[in-house]
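Would you mind keeping the following structure in view while I ask a few things?
Just so it is clear, the structure is predicted and the values come from calculations on it, not from any experiment. Just so you know, these numbers use all the heavy atoms, side chains as well, and skip hydrogens, waters and symmetry mates. Order of the sequence lines fixes the chain letters, A, B, ..., with proteins taken first and strands second; residue numbering starts at 1 for each chain.
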Amino acid sequence: MPALFEPVDPGVAKELARKVIQLADRYKERTGITPAFMEVCGSHTMALARTGIKQILQGHVRLVSGPGCPVCVTDQKQIDAMIEVAESENRIVCTFGDMMRVPGSKRSLLSAKTDGRDVRIVYSPLDAVRIAEENPDKEVIFLGVGFETTVPVLAAAIQLAAKKNVGNFSMWATTKLVQPVLRELLTVKKVKINGFLLPGHVSIVLGEKAYRFLIDEFRMPGVISGFEPVEMLSAIYKLLEIITDNRPAIVNNYKSVVRPEGNQAAQKIMYEFFEPCDEAWRGMGVIPQSGLDVRGKYSRFNAKKKFNVEVGEPKKTLCRCGDMICGIASPEECILFGKACTPLHPIGPCMVSTEGSCAAHYAYMRKDG
Amino acid sequence: MPALFEPVDPGVAKELARKVIQLADRYKERTGITPAFMEVCGSHTMALARTGIKQILQGHVRLVSGPGCPVCVTDQKQIDAMIEVAESENRIVCTFGDMMRVPGSKRSLLSAKTDGRDVRIVYSPLDAVRIAEENPDKEVIFLGVGFETTVPVLAAAIQLAAKKNVGNFSMWATTKLVQPVLRELLTVKKVKINGFLLPGHVSIVLGEKAYRFLIDEFRMPGVISGFEPVEMLSAIYKLLEIITDNRPAIVNNYKSVVRPEGNQAAQKIMYEFFEPCDEAWRGMGVIPQSGLDVRGKYSRFNAKKKFNVEVGEPKKTLCRCGDMICGIASPEECILFGKACTPLHPIGPCMVSTEGSCAAHYAYMRKDG
Amino acid sequence: MERKVTLACGDGGELAHKLIQQVFVSAFQNQDASRFDSAFLSLESGKIAVTTDSFVVNPLFFPGGNIGKIAVAGTVNDLSVAGSIPLYLTAGFIIEEGFPLEDLRKIVRSLAEEASAAGVRIVAGDTKVVEKGGADGLYINTTGIGVQRAEHAIRPGEMQEGDDVIISGTVGDHGIAILAARGELGLMTDLQSDCTPLNHMIDKVLESGAHVRMMRDPTRGGVATTLVEIAEDFGAAIEISETALPIRNEVMGACDILGFDPLYLANEGKVILIVARNDRQRVLDVLRAFPEGRNAAVIGHITGMGEGRLLLETPLGSRRRLRRLSGMMLPRIC
Amino acid sequence: MERKVTLACGDGGELAHKLIQQVFVSAFQNQDASRFDSAFLSLESGKIAVTTDSFVVNPLFFPGGNIGKIAVAGTVNDLSVAGSIPLYLTAGFIIEEGFPLEDLRKIVRSLAEEASAAGVRIVAGDTKVVEKGGADGLYINTTGIGVQRAEHAIRPGEMQEGDDVIISGTVGDHGIAILAARGELGLMTDLQSDCTPLNHMIDKVLESGAHVRMMRDPTRGGVATTLVEIAEDFGAAIEISETALPIRNEVMGACDILGFDPLYLANEGKVILIVARNDRQRVLDVLRAFPEGRNAAVIGHITGMGEGRLLLETPLGSRRRLRRLSGMMLPRIC
Amino acid sequence: MCVGVPAKVIEKKEYTALVDVMGTKMEVGILFVPEVEVGEYVIVHAGQGMSIIDQVFARESLNEWGKMARAGII
Amino acid sequence: MCVGVPAKVIEKKEYTALVDVMGTKMEVGILFVPEVEVGEYVIVHAGQGMSIIDQVFARESLNEWGKMARAGII
Ligand code: SF4
Ligand code: SF4
Ligand SMILES: [Mg+2]
Ligand SMILES: [Mg+2]
Ligand SMILES: [Mg+2]
Ligand SMILES: [Mg+2]
Ligand SMILES: [Mg+2]
Ligand SMILES: [Mg+2]
Ligand SMILES: [Mg+2]
Ligand SMILES: [Mg+2]
Ligand SMILES: [Mg+2]
Ligand SMILES: [Mg+2]
């Protein structure tokens, strides 16, 4: 975070990158294996590409994009349902900008808006509560996606609506938890990596301790990282040190922001308004107890309970997002990539978010014209 | 109605005008009085000006404009109330085009529309019932003004709403009757005229017989006339013949359209849905039993009963519309005429309707630049 | 390509690029201007005429045309009635999010065809997309550039008593056609809007050598408002005759129903000419040789110079003064 | 005069006449064009440049300007970056019924002032009023006419490897200023839009004798989209450096909050110049002598001719390809 | 008081009729003139037929106007 | 997963704070960081302060990066 103090000398990052490459090459020399790390977080995927780290480490470190973009992992059926919610008259649907272009089985919220539905982008979920107060004759539904960083904010919106008794506000939540999906990756999907670049901002809420199980159960190392080039490079460097020494550990490389025990105020409100549920992950299927939904006690704010929405099962496509998220396939292994599927016409969610594996790959690494 | 058969030779009208002037001058010669006739109907006022009859007869026959424009005679307080009705959210107010520019004490329906209120112009009151059906979540209010020609049509709209059970339709009625106001003119206002040019289209409903009282009670002649130049000229000619012979009579000069007994189907429906009431006439005050309001039995369609509208007493202005309507003053005797009061910024209702005395005078006869 | 115009089509990025390439450039066959921020043109003379108009007609499609056709006709006619030769048009589109692409294509095609028929080139364009509810479908601005005539110019300075007032055809067709097409008031008619570029016909009138003092197209505000403006702008007393006005029966009928005055109805393919009396017949002959001038008629004359005013002679022979349209025309029951 | 614009103000009648006389003619001091359907202009040469743009900015008033100012700046800049000398503007207004007259006056005044400061004349205008809900307040189309330079023309054909890419100042100010002014996302900033006509500054650059190959103003789609277009249109491989881009802290901060890329933000008072490397300093000196060019900087160069593409060098020294803005920029949580 | 226009009935339905006014057509109510036949004329006001035009009287008054115009003054 | 940006608290209210990100300001919730003081930095996500930045650790890691960059390879 260069804004905090003096700006970080860009020479430091360049030098760090050189060190990372040296250490990685040494590891490969010794083991015959190119070290592979999964950045769990979609914002890491984006930052690694934007800053050029991904390109600079190519051939030395394999950086695998994980299931950390809440848009990417949202089940298509849920998206269809959200669009369906927006279809009725006298509704205002609010959501994060990221959600707008996500294609359901037929269309996106953006195209629903183009057709005249009242779909609004908000920066904070709490703004949706204000919109509900300002439009008492309409139903305002917030489409809540997110991991543990975002869910406490969603909870804060419900808390506010409950406190102010805003009866025309509700939330359609389809949120995700990090621990269950990491476990799924390591057990069911048997993803082949040497360590995790752990999400900096989810860890604010969860704390360092949340990742102990990686060592205890899987002897899989992980380093919690920030998003500046030097932060990511030093985190990768630490992962390389760990695997070089073969002493698996969870390292908090983002201590200024992530506490050992996380943010307990955030955890508390999250579990006051949400409760665990089985959750479908796009391309991965249902993972038990891997999501959070609005707690029964507050189901008057649960849009799924409030509105009767029925959508069919979406058609299968050749989209390989699921494999992509598990680190099993790369975008160019999808036959739709760059042809039927482009950022203007995304088929899978990995093409939707600018940091989705496919979109990032399309925008920054495509070889052709 | 030249469209019916062959077009009328314009030479006939010119010749008729010459005859009218001769006869009028002869009358004046004999009696020392310029013959004065009141055209009761606003559409006659308009047609007399537009066709140039008013100008051509100037100095020979005095044509006095009567209280026959439903916009002109609508009480300012009623207009304020209609605008007030339009002010609330989720209402669609429909009315005839004529009503749009009528100034209440502060503003017009047109300015309410400019400010974003949903005010719509319809050709037929029945269209407002259709609009109500198409907008079930809104209240649709028809602002009903008119004389006996229009009231049966207003009744037909209520009949339709009742039949189809359109609960969100209602009517704000402020309608007028011809007989009471003619009586008022001749008794209270003591208007000085030699005869009436009687309204062709009101007479469709009322029939010839409705004017008998003019002879019986006042020995005041009247000729029912159509609206084509030859129709109006020949009616004036007949009035001149009557006063020359001093044999007061009611003559139906519009026999092709007006029956002795009127249109009884129209009368029947009018009195099924409306009942007589005291009515305030702008500039003339309340005339007992001179209007019709929605019958109590149908008060669910009566906007006055349905909505709670309160408006203050409008401020007095120097507007002389009241005297104008009684034939006591002419537009140029109003100090506001052409200065503070113009068709773009009408103060009184006589300036609003294109056939209002003041607007007609402004548009067709103003002497200056 | 999407089936509807989206907000992203107006953000200057890839979708905007595609829309422009696939809808506009292909219709206007004019790649050149897209490489620079401006189009480069060579004119024979440095004396030019310029006019601009935005078109907001509702509905966008109507009998006899659409907003694309009218956007060409309106601006070409403004140049032509000013006595210049229309050469170039720019076209600026403001499109409501969600607008059907197929309709856009039709409108753009019609605009291109009409421009080509009128012999003018679309040299620059622009597309903006506004949020749903930010436009009533689509608006077009066209700006026209023409060269001033060296020969056969109009001479407003020579306007004089005795000059004739000619109109190139029937009055009010566009106004009533549009009103009927809107469907709100229940009018049904086979009437077509008269909207069409008049420059070829006007060229022939001027090239006939007739002394044309002044021309104007009686669009919004109609014949009366247009003549009042000529009268005031040039200090001419003008008198027209009610019986001389060419008016279609359907237009009369619609006006009778609604209480409208055809003299205030909009026209989009008519020109009013003030011509020397001696040239009256020559001008009528030229006009009547064109389908759009078939019903041309002398409707009045200039009765004197000095105070500008417009009088209408009624069939009875009396005169009344006509003024600008005052407020909108609204259908009346009374 | 009313306090709001009414539908009748756009119907061509008396209210329209009053509005035009009292708001537009007085501001533009240009009675002439109102007497004819077109304005008549004399140019020194018959080689002209033409451009058109509609302005639909929301909000209409924002820190650093309003829609009237931007309507002048945008069109003047399009002429100027094309290497011509802007002389004339037309202005077409589409106004929503109920629009406050006081705001209209402000906008028109600002448009007139800005035109006068830029040395261009408003020669033709048009006003349409649309029903409530038919526009988001007010839109303006401006069409600009300039003459092509005889001397000191730009020479896109001489673009070559080694040419420098210069930008006249900081990137993204307008985009963020507008977003903040809209208030929807809660951003607060003292940032001003950069919107301003650049023609005087560009004149001086060209008159300095520097070899300018090409200019363009990075408006919608931002610096990246504009450079991609230059690259594709002229077959140039362009490389810019992330660290060389002049960006205000407030813009960086807002982009960090919303997940935006400043390279795709709109600018309304910036020009990108491709200049011969030898003239780099001369151009920078001229630019920096103007307040609107104070932060001018070399941001990249042409690495070869042939295949058109744009690369960005990251601070780490790696390169990634930049493309057109793809879809709208939407604020992200992830 | 009331704009009214003569319109020719060209099609009759149960409660409405299609009428023609010099080529412009319109659907109007016939609640007050239920007996009207195709080919007859009605006076239309605010979308309703108010009166069937009696063609005999219409012709008679045409004649009368002519007579009046030609008549000498007493 | 979650865009987060360091922002300086420049004004504190009961439930919200005004923060500054390089000159751009914003009102954010402080439900999860109620103890934050003016002058401190927070990570902001979706309009809420999520964590107070520990400046001691921040400075330490800056030093560590420098060290790492300068360090020889084993
Ligand atoms: S390229 Fe498109 S279809 Fe293929 S995996 Fe990526 S998102 Fe799915
Ligand atoms: S001129 Fe105006 S104020 Fe005077 S009487 Fe007529 S309407 Fe009333
Ligand atoms: Mg024009
Ligand atoms: Mg025009
Ligand atoms: Mg014109
Ligand atoms: Mg443009
Ligand atoms: Mg619309
Ligand atoms: Mg342009
Ligand atoms: Mg531009
Ligand atoms: Mg440009
Ligand atoms: Mg115009
Ligand atoms: Mg609006």
Could you check whether F:Glu64 pairs with A:Lys238 (Lys NZ or Arg NE/NH1/NH2 to Asp/Glu carboxylate O, under 4.0 Å)? yes
For a quick test of reading the model, state the closest non-hydrogen atom pair linking F:Ala69 to A:Lys19 and the distance between them. O-CE, 2.9 Å
So what's closer than 4.5 Å to chain F heavy atoms on A:Gln267: side chain, backbone, both or neither? neither
What part of A:Val205 gets closer than 4.5 Å to chain F, counting heavy atoms only: side chain, backbone, both or neither? side chain
For the residue pair A:Ile269 and F:Phe32, establish whether any side-chain heavy-atom pair is separated by less than 4.5 Å. yes
Are the side chains of A:Met46 and F:Val3 in contact, using a 4.5 Å heavy-atom criterion? no
State which residue, out of A:Val153, A:Asn263, A:Val257, fulfils the side chain to side chain contact (heavy atoms under 4.5 Å, CB included) condition with F:Met50. A:Val153
Which one wins on heavy-atom pair count under 4.5 Å against chain A: F:Val28, F:Ile52, F:Val5? F:Ile52
Flag the pair A:Arg259 / F:Ser51 as yes when at least one side-chain heavy-atom distance between them is below 4.5 Å, and no otherwise. yes
Partners of A:Phe96 by ring-ring contact (aromatic ring centres under 6.0 Å, His included), sequence neighbours excluded? A:Phe142
Indicate yes or no: at least one non-hydrogen side-chain atom of F:Asp54 is less than 4.5 angstrom from one of A:Lys255. no
Could you go through A:Tyr254 and F:Ile43, starting from their C-alpha distance and side-chain angles, then the distance that decides it, and tell me whether this counts as side chain to side chain contact (heavy atoms under 4.5 Å, CB included)? CA-CA 12 Å; A:Tyr254 201 27; F:Ile43 294 285; 3.8 Å; yes
Listed by chain and number, what are the ring-ring contact (aromatic ring centres under 6.0 Å, His included) partners of A:Phe196, not counting sequence neighbours? none
Quick one: does A:Ile204's side chain get under 4.5 Å of F:His45's, heavy atoms only? no
State, to 0.1 Å, how close F:Cys2 and A:Ser43 come at their nearest heavy-atom pair, and which atoms those are. N-OG, 3.3 Å
Using side-chain heavy atoms (C-beta onward) and a distance below 4.5 Å, is F:Tyr15 in contact with A:Leu160? no
